[in-house]
There are 2 protein chains.
Amino acid sequence: MSINDRINTILNAVVHLYITKAEPVSSEMIVAYYGLSISTATVRNDLQLLEKQGFLMKPHTSAGRIPTDKGYRYYVDQLMEKEVVHLSEEEKEEVREQYKIVRDYNEIMKVTSILISRLTHNLGVVLAPNMIKDTLKDIHFVTLDNQRILVTLVTNSGLFFQKMMKVNCTISDENLEAISQIIKKEFYGKSLEVVNDEMLNQIYHYYFKYQTLDSIWKLMEECFDFTEDETRLFLGNRSYILKQPEFKEIEKLNYFFDFIEEEENLIKIMRKPILENQIDIIIGSELGQDVMEDCSVITRQYLLKGKLRGAISVLGPTRMNYSKSVSVLDFIAEQLSEILSE
Amino acid sequence: MSINDRINTILNAVVHLYITKAEPVSSEMIVAYYGLSISTATVRNDLQLLEKQGFLMKPHTSAGRIPTDKGYRYYVDQLMEKEVVHLSEEEKEEVREQYKIVRDYNEIMKVTSILISRLTHNLGVVLAPNMIKDTLKDIHFVTLDNQRILVTLVTNSGLFFQKMMKVNCTISDENLEAISQIIKKEFYGKSLEVVNDEMLNQIYHYYFKYQTLDSIWKLMEECFDFTEDETRLFLGNRSYILKQPEFKEIEKLNYFFDFIEEEENLIKIMRKPILENQIDIIIGSELGQDVMEDCSVITRQYLLKGKLRGAISVLGPTRMNYSKSVSVLDFIAEQLSEILSE
DNA sequence: ATTAGCACTCTAAGGTCGAGAGTGCTAATT
DNA sequence: AATTAGCACTCTCGACCTTAGAGTGCTAAT
């Protein structure tokens, strides 16, 4: 075993033991738990070295070591076993079971976030599929009552988008049918993004072109305005994260909840472009949020019919089980893509 | 001022001051804050009386008094001003503003839960309108892709219910149209409850009656099975409640979150029948849940087109501002009913 | 290069103490 | 009879101290 191997082993041991025990790791502990054939003094020398290089730190002079963000970074990049799937057959079965029951997209997203929470004991987050780049396949109007119309918009990948519109005059089913035909004729095969743009920019054009249908077009303008970014975010259980020792001071929890309840914060993190089938791990200070410097986020995108769509994440303390979380996200992303695409 | 009036004033003072200051209330404090023209000794005598009768208690011998559940109960039933609306014009305006923006039912529910949280600084909860007693007005099928059909079911009060169905064979639009006609013919004007029952019990009857449409009926059985009680619950912000002093011990928070994340718990409380336009206040031990004995729930139902539908609630520590919470629920229920019924 | 040995440092838990808040009782006052 | 002043008593809370022990870092030996 070369000296470099030994140093790596020791760093790995510190990260592992700290993740498991949530307490600073001492030289003695490392030797004991890893059955190393070197003395604690040697380990101490190596620990000093690792601290000087910025991978480890001590909470106080006479304490064991804990990893720094740099230490975690080195661990996830270099040391962590990525191949091994850290999921038991029971856990996998649980996921499959849950997915068997769900019926609609909302439920799928909700269940996914809960599954991630349960399996990682951190907070699971799901960003619903973005369909702005899908093309328009179909549009339907359903009259709810004489003041409300439900618009359902179906895309080429089988996703749908709904909006309720308020009207101040009754519009006959024939007229609705006519307008849906016109929209299909004009926009079929165009991406929602384009539909949105064209509709907003050229509404008067359509208005004059199909004058017979008069006031409906004003509504269409509103209806096709997707700019408000209807991103839907699903947060799983909070109860697991409360039990993490890092949150035993209520102050930390406050920061954490203030952060996650501002949806923009999470969306910004999860929207970050990631290479297909890759995992994005952001550790502590890398988040660039002072109040979240003790937390990490792991994000993975999922596919729908082969295309990147939404993302799923684990949010927890920097002292989270990274390899387990990665395994969970990998497995769930795979199952989710399958369900959505089937 | 009769002696009874004085006792009531003192009890009222203790509740008020404890709600505001979150600290045991002393005789001196009562006299000071209420400018009473009696001595602290007299107040102490009355406090002793109130304690003997079970309305107050002391955390320890040399501490001030705090209300018992019985004390809170007497307060909300007898002392609390119910008429006065404890909402500022700004707060009301905020509510109206928020409701102006929302577009669909889901969003309305979500916004409502958040508004309740924000205005009460506790947890707001919304139970979505129950439509099982509505009658069937319309049904639509939308083909998403060759394996999925979206069923939209419209009721007489303009609510709708959606379900995604998986099919293993392509069903033509003509057939879908035909079946929607048949369903409308058979079930128009019947309550969803009845539709559900009849569909489940007589599925074979329909199957033979309209044989030409063969396998679709199997799907209908599944589609109309509402028994799984698709109750939708919306929880508002958790961040306010974290800041309440009763939750400074993390243990209490754990119990709280475990409780609210089990949706059944909240549904059971909120489904309890309540007289129209009445408020239901459940205090501490009245909840019958050991772990929640320091929490209270206030529930109010809201109307849709004049009929009781869902419920909105405030969940917080027993030391919550009951009159403010009641005002918030009253105002929001009114606004919500209006929005839903307009 | 590794290790044994040991002095040193710091935390965490426990103990003591006094100040102060607030009560309850008694005796005096209205 | 109801109210009040006066005061002893009780309990908490924070400050301070002490000690055990966990763990380090250095030095000198291997």
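Numbers restart at 1 for each chain; the letters A, B, ... are given by sequence-line order, proteins then strands.
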(request) Begin from the C-alpha positions of B:Y74 and B:N8 and carry the test side chain to side chain donor-acceptor pair (under 3.5 Å) through to its verdict. (result) CA-CA 10 Å; B:Y74 186 79; B:N8 277 342; 3.0 Å; yes
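Atom pair B:E23:CD and C:dG20:P shows a separation of 17 Å (rounding to whole Å applied). Going from atom CG of B:L47 over to atom P of C:dA21 covers 18 Å, rounded to whole Å. For A:K58 and C:dC10, the NZ to P distance is 9 Å, given to the nearest whole Å.
Of the residues near DNA chain D, B:S37 and A:E51, the one whose nearest nucleotide (by heavy atom distance) lies more toward the 5' end is B:S37.
The phosphate of C:dT9 has neither OP1 nor OP2 within less than 4.0 Å of any side-chain N or O from A:T61.
Remark: A:S313 OG to A:L235 CG distance equals 10.5 Å, nearest 0.5 Å. To the nearest 0.5 Å, the span separating OG on A:S27 from CD on A:Q48 amounts to 10.5 Å. The CZ atom of A:F259 sits 4.5 Å away from the CE atom of A:M292 when rounded to the nearest 0.5 Å.
Chain B approaches DNA chain D over the interval D:dT3 to D:dT12, counting the first and last nucleotide 5' to 3' with an atom under 4.0 Å from its heavy atoms.
With a 4.5 Å cut-off on side-chain heavy atoms, A:F257 and A:R238 count as touching.
By the 6.0 Å contact criterion, CD on A:E251 is open, its count of non-hydrogen atoms from other residues, nucleotides or ligands being 12 or less.
Side-chain atoms of B:S296 and B:Y322 form a donor-acceptor pair, as typed in the model, at a separation below 3.5 Å.
Within the nucleic acid shown, B:T40 has no heavy atom closer than 4.0 Å to any nucleic acid atom. A:E28 comes within 4.0 angstrom of nothing in the nucleic acid, heavy atoms only.
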(message) Could you write out DNA chain D as dot-bracket? Rules: Watson-Crick or G-U wobble, both distances under 3.5 Å, brackets [ ] for crossings, | for pairs with another strand, dot for unpaired.
(response) ||||||||||||||||||||||||||||||
Contacts under 3.5 angstrom, residues 64-73 of chain B side chains, donor-acceptor by atom type, not counting sequence neighbours:
residue: B:R65; atom: NE; partner: B:E51; partner atom: OE1; Å: 2.8
residue: B:R65; atom: NH2; partner: B:E51; partner atom: OE1; Å: 3.0
residue: B:T68; atom: OG1; partner: B:G54; partner atom: O; Å: 2.6
residue: B:T68; atom: OG1; partner: B:F55; partner atom: O; Å: 3.1
residue: B:T68; atom: OG1; partner: B:K70; partner atom: N; Å: 3.3
residue: B:T68; atom: OG1; partner: B:G71; partner atom: N; Å: 3.0
residue: B:D69; atom: OD2; partner: B:S285; partner atom: N; Å: 2.9
residue: B:D69; atom: OD2; partner: B:S285; partner atom: OG; Å: 2.7
residue: B:K70; atom: NZ; partner: B:Q53; partner atom: O; Å: 2.7
residue: B:R73; atom: NE; partner: B:E286; partner atom: OE2; Å: 3.0
residue: B:R73; atom: NH1; partner: B:D77; partner atom: OD1; Å: 3.2
residue: B:R73; atom: NH2; partner: B:I281; partner atom: O; Å: 2.7
residue: B:R73; atom: NH2; partner: B:E286; partner atom: OE1; Å: 2.6
residue: B:R73; atom: NH2; partner: B:E286; partner atom: OE2; Å: 3.4

